[in-house]
Each structure stands twice: as structure tokens, then as C-alpha cells.
2 protein chains.
Amino acid sequence: MVANALKRGPELAAGAIRTKRKDRADRWPELVTAAAELFAEKGYEGTSLRDIAERLGMLKGSLYHYINGKSDLLVHVMREAHARGLRTIAAQAEGEGRAVSLLETMVEAHARYVCTETVFTAGFIEARKHLPPERAQEFVLEERAYRLRVEALVARGQAEGDLREDLDPKVAALCLLGFLNSLHNWVRPTGVHSIRRICDHAVALGIGGMRCR
Amino acid sequence: MVANALKRGPELAAGAIRTKRKDRADRWPELVTAAAELFAEKGYEGTSLRDIAERLGMLKGSLYHYINGKSDLLVHVMREAHARGLRTIAAQAEGEGRAVSLLETMVEAHARYVCTETVFTAGFIEARKHLPPERAQEFVLEERAYRLRVEALVARGQAEGDLREDLDPKVAALCLLGFLNSLHNWVRPTGVHSIRRICDHAVALGIGGMRCR
DNA sequence: ACCGTTACCAAACGATCGTTTGGTGCAACC
DNA sequence: GGTTGCACCAAACGATCGTTTGGTAACGGT
């Protein structure tokens with residue numbers, strides 16, 4: 001390749017305020033966030049590396065300084081989502097007390113996360129859908145553990161006499177989690193309904209139907 | 001459109017080893033179905049016209065005999081989904097009786113449709129997401145009307161003393177519909193849980209939480 | 001038996017995709 | 001103050017995208 005060495009235009013944008021050069025520690029979260037936002041907005045395949053790079057003020061080729069390929073972004077969006085959401089929510093399920101009240105705490109935490117971080121949640125769900133099965137292995141255990149925990153709480157709630165015995169804990173858990181993860185589709189953090197009130201509804205509607213009458 | 005009044009060729013069924021050349025009336029539903037399936041499977045942007053054509057046994061360029069562009073498929077998947085699902089479900093909300101029992105009938109019908117036609121539902125939701133706003137106009141009225149109908153049923157259920165008064169009908173309706181439309185993510189028509197039982201859960205969980213205690 | 005239409009093929013178009021390569025300026029360090 | 005490494009640019013790569021064009025074989029109506 002011919003060296004285009006000396007021909008650089010001396011243009012640096014006149015009185016530009018010179019900010020410090022960003023290093024990896026600054027750029028990396030920006031990269032993952034931009035990817036999550038764009039995946040949420042336009043879908044994974046609908047988002048080009050040029051889109052992502054543009055949002056960061058660089059060229060698409062430069063992204064390869066941080067990643068090995070586009071699908072790396074899927075993995076890292078998933079990891080960030082797990083770190084931010086799933087683990088902190090699951091932690092709420094620790095503690096003592098009746099299963100149904102633990103379940104309430106958990107549902108409230110889950111709903112709050114989904115409603116406040118709608119774009120990241122949407123980005124996560126989009127990433128989940130396009131993640132090749134081999135690269136999903138690192139997440140399936142954790143996600144299944146979370147689902148099984150909800151299932152177990154439902155079953156314990158039934159044993160403790162708080163929840164209807166005629167429901168299948170597994171089906172109920174799938175319904176509940178599917179419901180919670182659907183909130184991001186219409187909830188807007190700046191919308192007319194307060195997050196607080198929406199979460200109250202989520203708890204009431206998500207768990208109320210399981211209660212004994 | 002021209003009336004295809006006096007119909008069919010004289011020799012339809014004779015032996016028929018030789019399959020007749022497919023005409024527009026045969027091909028068109030195949031096209032829309034193939035598009036819906038592939039959109040459900042790989043997403044809109046992840047599906048190429050070559051994918052769709054291949055499933056029909058033709059070349060991608062040939063699709064332009066039926067459509068003017070890729071986005072036409074979004075519209076027609078939506079139309080078919082509305083025709084199959086939304087309208088027949090909404091019809092269940094007619095009739096008399098207490099609001100809550102109408103609501104039950106409606107939820108059951110909605111759940112049943114989503115659970116039996118999972119791929120078409122997924123294709124519809126994918127299409128909905130990528131439909132440009134101008135082309136969505138033809139659907140927004142109908143969809144809003146459906147949502148408002150649910151909302152009104154909830155409000156009437158409250159007035160009739162069957163449903164909790166402390167719930168916002170609008171938020172409750174959005175939660176309920178979001179929940180129902182999320183079922184396709186995990187329900188498999190051939191799965192271990194019968195559709196019948198899943199729909200029972202959907203009704204119990206979807207409406208039970210709204211009931212007065 | 002002809003004729004026009006229909007359903008599709010075959011081949012190309014420019015645009016854009018993800019990815020690779022080699023080079024460049026800035027900043028920290030000895 | 002020269003060296004080294006890092007963050008990023010600039011340009012190209014082949015592949016594939018949606019779309020257009022011109023042609024053709026099979027069919028239905030007369």
C-alpha cells in the first residue's frame with residue numbers, strides 16, 4: 001500500500017477546545033451503552049458498526065481496537081445487563097419471611113429495573129435474541145437459576161397457603177417473568193405514569209392473580 | 001381489481017400428477033406466510049429477500065412481481081395478523097353480561113390465538129416494530145380501539161364492583177395486553193404444557209390480580 | 001391455432017455491510 | 001528528548017443487500 005504519509009491536511013478545527021484524549025476505561029462503557037441503545041432502537045441487524053462508531057465520534061474500523069467483531073457487542077451488552085439487572089434483582093430474593101413477600105420484593109425490584117432502564121432492557125432482549133447459542137452458554141445457567149428461584153418461591157408460597165394450589169409454578173413463573181420483561185415496550189421513564197405507580201401495578205397484577213381467594 | 005368471476009379450468013382434479021402452475025391466488029398467501037415465519041425467526045433486517053424467495057423456490061428478483069419493495073411485506077404481514085387475530089378476538093368482546101366475564105372471554109381468546117399461532121404472532125410483533133410510522137397509520141386506529149375496549153371493560157368491571165378500584169384502567173390494560181403478547185416468547189404449540197392449561201393460567205394471572213379481594 | 005398475459009428467470013446495478021491493513025499523532029515514560 | 005504504546009484514521013476488501021431490467025416459457029381466452 002502506498003504511503004499517504006505527508007499529505008495530511010493541516011486542519012484541526014480552529015479554536016476547538018481540546019479535551020483530554022479518551023482512554024480505554026472511558027471508551028469501553030460508552031461503547032457498550034451506545035450498542036445497547038442502538039440495538040434497542042433499530043435492532044441488532046438494523047444497526048451498523050458505522051452507526052455505533054458515529055455515536056462515539058469515530059470511524060467504524062476503529063471499533064476493532066475494542067472488539068473482534070460485531071457479535072462481541074451482543075455478548076458485552078448481555079454481560080452488562082446481567083451485571084446491572086439480573087444479579088441485583090436476584091439478590092432481593094435472599095432473606096427470610098414468607099415466600100409471597102419475598103416474591104413481592106423481587107417483582108418490585110424487577111419491575112423497577114425494567115421501567116427505569118427501558119432502553120438497556122430492550123437492548124438486552126434484542127441481544128438475547130441474536131446471540132448464537134454457543135456464546136449464550138455463559139448466560140443460560142444464570143438465567144435458568146433466576147427462573148427456578150421464582151418457580152421455587154411460587155411453590156413455597158403454595159405450600160405456605162398463600163398462593164393458589166391449582167397453578168403450575170413453572171407456567172406461572174414463565175408468565176410472570178414474561179410479563180415483567182414486556183413492560184419496557186410501553187413504559188417511558190419520563191411518561192405520564194410514575195414509575196412508582198407502574199411498579200405497584202406490576203406487583204398487584206403479577207402476583208395478585210396467584211393469591212388464594 | 002378484476003372480478004375472477006367465472007372460474008376454474010375444466011380439468012382440475014384429473015389424476016393431477018402434473019401440478020398446475022401456481023397463480024397469484026396460490027402464491028400470495030405463501031409469500032406472506034413465509035415472510036412472517038422468517039421475520040419471526042431472524043428478524044426483519046436479518047431476513048433477506050433471497051431467504052424468502054428460496055423458501056418459495058424462486059429467485060429474489062421474482063418477488064418484485066408481487067411486491068414493490070421489501071417493506072411491503074411488513075404491511076401485508078401486519079394486515080394478515082390483524083385479519084386473523086385482532087378482529088376475531090375483538091369480536092369476543094361483544095355481547096352482554098358483566099364486564100369481568102367479557103374480559104375473561106377476551107383474554108382467553110387472545111391467549112389462545114397467541115399460543116396457537118406463535119410464529120405468526122412473533123412475525124407480527126417484529127413487523128410492527130419495523131413498520132415506518134407513515135405505513136403504520138392504517139393500523140394504529142384499530143389497535144388503539146382494541147386497547148381502549150379493554151380499558152373500558154376494566155373500568156366497567158370496577159364500576160360493577162368486581163375489580164379493584166385502586167387500579168388505573170389504562171395501566172392495567174397495557175400490562176394485560178403486554179403480558180398476553182409476551183406469551184409467544186416461550187409457549188410452543190407442541191410443548192409439554194397444553195394450550196388449554198396455559199390459557200387457563202393466562203386468564204387467572206391476567207385478570208385475577210385485578211379482582212377485589 | 002393464435003395471442004396476450006402471467007409467473008418467473010438471469011444478470012446486472014450501486015450501495016452498504018463487516019472486516020482487514022497500514023499508517024499517524026498524542027501522551028506518558030525513561 | 002528520544003522511544004514506546006495507545007487511540008484512532010484512511011482506505012480498501014469481498015460479500016451481500018435491495019432493486020431494476022429485459023427476456024421467456026407456459027398458460028387461459030378466443
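Quick note on labels: first sequence line is chain A, next is B, and so on, each numbered from 1. Since this is a predicted model, take the numbers as computed values, not measurements.
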Footprint string (nucleotides 2-7 of chain C, 5' to 3'): B base within contact, S backbone only, - free, heavy atoms under 4.0 Å
----BB
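Of all the heavy atoms in A/Leu74 and A/Ala127, the pair that sits closest is CD2-CA, 3.6 Å.
Rounded to whole Å, atom C1' of D/dC27 lies 14 Å from atom CG of B/Asp26. The nearest whole Å value for the distance from the CG atom in B/Leu63 to the P atom in C/dA10 is 15 Å.
Annotation: cation-pi pair B/Arg84/B/Phe120 present, NZ/CZ under 6.0 Å from the ring centroid and within 45° of its normal.
Within residues 30-38 of chain B, no residue has a heavy atom under 4.0 Å from DNA chain D.
At a threshold of 4.0 Å, the pair B/Glu143-B/Arg147 does not count as salt-bridged, since none of the basic side-chain nitrogens sits closer than that to a carboxylate oxygen. The existence of a salt bridge linking B/Arg79 and B/Glu138 is confirmed by a sub-4.0 Å separation between a basic side-chain nitrogen and an acidic carboxylate oxygen.
The backbone N or O of B/Phe179 sits less than 3.5 Å from a side-chain atom of B/Ser182, completing a donor-acceptor pair. In this structure, A/Thr116 contributes its side chain and A/Tyr113 its backbone to a donor-acceptor pair below 3.5 Å. Not a single donor-acceptor pair under 3.5 Å links the side chain of A/Lys60 to the backbone N or O of A/Ser48. Checked by atom type and distance alone, the side chain of A/Asp72 pairs as donor or acceptor with a backbone atom of A/Asn68 at under 3.5 Å. In terms of modelled atom types and a separation under 3.5 Å, the side chain of A/Thr88 and the main chain of A/Gly85 share a donor-acceptor contact.
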Under 3.5 Å, sequence neighbours excluded: what are the donor-acceptor pairs made by side chains of residues 200-209 of chain B?
{"unit_1": "B/Asp200", "atom_1": "OD1", "unit_2": "B/Arg196", "atom_2": "NH1", "d": "3.4"}
{"unit_1": "B/His201", "atom_1": "ND1", "unit_2": "B/Arg197", "atom_2": "O", "d": "2.9"}
{"unit_1": "B/His201", "atom_1": "NE2", "unit_2": "A/Asp168", "atom_2": "N", "d": "2.8"}

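Across all strands, B/Gly46 comes closer than 4.0 Å to no nucleic acid atom at all (heavy-atom distances).
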Under the side-chain contact (heavy atoms from CB on, under 4.5 Å) rule, what do A/Ser71 and A/Leu131 come out as? Steps first, then yes or no, please.
CA-CA 8 Å; A/Ser71 65; A/Leu131 199 66; over 6 Å; no
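A ring pair (Phe, Tyr, Trp, His ring centres under 6.0 Å) check over residues 130-150 of chain A, counting only residues at least two apart or in different chains, returns the pairs A/Tyr44-A/His130, A/His82-A/Phe139, A/His110-A/Tyr146.
Each end of the helix from C/dG14-D/dC17 to C/dC30-D/dG1 gets its own rotation axis from five pairs of C1' atoms, and the angle between them is 20° to the nearest 10 degrees.
In this structure, B/Val150 and B/Leu176 have side chains that are in contact, with non-hydrogen atoms separated by less than 4.5 Å.
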Using a cut-off of under 3.5 Å, enumerate the N/O to N/O pairs linking the protein to nucleotides 14-20 of chain C.
{"unit_1": "C/dG18", "atom_1": "OP1", "unit_2": "A/Thr47", "atom_2": "O", "d": "3.4"}
{"unit_1": "C/dG18", "atom_1": "OP1", "unit_2": "A/Lys70", "atom_2": "NZ", "d": "2.9"}
{"unit_1": "C/dG18", "atom_1": "OP2", "unit_2": "A/Leu49", "atom_2": "N", "d": "3.0"}
{"unit_1": "C/dG18", "atom_1": "N7", "unit_2": "A/Lys60", "atom_2": "NZ", "d": "3.1"}
{"unit_1": "C/dG18", "atom_1": "O6", "unit_2": "A/Lys60", "atom_2": "NZ", "d": "3.3"}
{"unit_1": "C/dT19", "atom_1": "OP2", "unit_2": "A/Tyr64", "atom_2": "OH", "d": "2.4"}
{"unit_1": "C/dT19", "atom_1": "OP2", "unit_2": "A/Lys70", "atom_2": "N", "d": "2.7"}
{"unit_1": "C/dT19", "atom_1": "O5'", "unit_2": "A/Tyr64", "atom_2": "OH", "d": "2.8"}

